[in-house]
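Reading through the structure tokens given below for one structure.
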Amino acid sequence: GEDVEQSLFLSVREGDSSVINCTYTDSSSTYLYWYKQEPGAGLQLLTYIFSNMDMKQDQRLTVLLNKKDKHLSLRIADTQTGDSAIYFCAAWGPGTASKLTFGTGTRLQVTL
Amino acid sequence: DVKVTQSSRYLVKRTGEKVFLECVQDMDHENMFWYRQDPGLGLRLIYFSYDVKMKEKGDIPEGYSVSREKKERFSLILESASTNQTSMYLCASRQTGGYTFGSGTRLTVV
């Protein structure tokens with residue numbers, strides 16, 4: 001089955017850019033997602049990218065997809081303290097039996 | 001916006017009790033899912049359902065069952081709660097652009 005991996009922790013200073021990385025194993029994954037989870041809350045969909053794209057930008061968020069390496073990244077420009085949260089990468093597609101497979105989540109800590 | 005509502009934010013149950021976690025979505029989606037979330041393990045799929053009265057095992061179904069009698073409601077059942085089922089449980093409903101999650105139920109089994 002699909003395997004999605006992320007590093008567990010990232011610390012950045014306020015105002016810097018954050019880059020959260022993710023790798024997946026199933027090359028047939030059709031959609032790749034980024035979710036944000038704030039303390040005590042459920043998951044909020046941040047953005048997603050279709051597998052035939054290599055980049056998507058939405059305000060401060062930039063998603064890059066390297067399909068050859070099965071590598072996905074989320075860049076947050078001008079990181080703010082309100083961006084402190086856990087970020088989950090997830091993959092969906094025919095090879096995943098139409099199930100969304102999540103990474104372990106990356107905890108982003110923003111320091112002053 | 002799709003809304004997914006989980007009836008309880010926090011639950012404390014005793015070992016051996018039968019526990020029901022309820023989830024309701026308001027957009028007539030066919031696909032619904034139950035995940036549990038544990039630190040360092042991410043989200044793991046317990047069960048999912050493609051339609052009323054249909055259910056499929058996810059990656060960790062042991063100790064759980066589900067019920068989907070109506071399209072909008074998907075219930076997770078712990079037949080006999082155990083301490084290793086202490087976790088955050090998240091329900092989701094699927095739409096074209098992704099899944100919408102409820103705010104979660106933090107279950108503690110003592």
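Lettering follows sequence order; numbering is per chain, from 1.
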Hey, which of B:S103, B:G102, B:G104, B:C91 has the most heavy atom pairs under 4.5 Å with chain A?
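Most heavy-atom pairs within the cutoff with chain A belong to B:S103.
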Taking the six-membered ring for Trp, are A:Y35 and A:Y33 parallel (under 30°), tilted (30 to 60°) or perpendicular (over 60°)?
tilted
Which of residues 35-45 of chain B get closer than 4.5 angstrom to chain A, counting heavy atoms alone?
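Near chain A, by residue number: B:Y35, B:Q37, B:G40, B:L41, B:G42, B:L43, B:L45.
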Has A:S84 got a side-chain atom pairing as donor or acceptor with A:V110's backbone, closer than 3.5 angstrom?
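Answer holds: yes.
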Would you call B:K71-B:D28 a salt bridge at under 4.0 Å N-O?
yes
Chi angles and distances behind the ring pair (Phe, Tyr, Trp, His ring centres under 6.0 Å) call for B:F33, B:Y99
CA-CA 9 Å; B:F33 305 81; B:Y99 289 23; 4.4 Å; yes
Name the region of A:Q37, side chain, backbone, both or neither, that has any atom closer than 4.5 Å to a heavy atom of chain B.
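For A:Q37, side-chain heavy atoms alone lie under 4.5 Å from chain B.
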Does any heavy atom of chain A fall under 4.5 Å from the side chain of B:R9, the backbone, both, or neither of them?
side chain
Identify all side-chain donor-acceptor contacts of residues 11-23 of chain B below 3.5 Å with residues at least two apart in sequence or on another chain.
{"residue": "B:T15", "atom": "OG1", "partner": "B:V110", "partner atom": "O", "Å": "2.8"}
{"residue": "B:E17", "atom": "OE2", "partner": "B:R14", "partner atom": "N", "Å": "2.7"}
{"residue": "B:E22", "atom": "OE1", "partner": "B:S75", "partner atom": "OG", "Å": "2.5"}

OH (A:Y48) and NZ (A:K56) are apart, to the nearest 0.5 Å, by 5.0 Å
Ring centers of B:F48, B:Y50 separated by less than 6.0 Å
yes
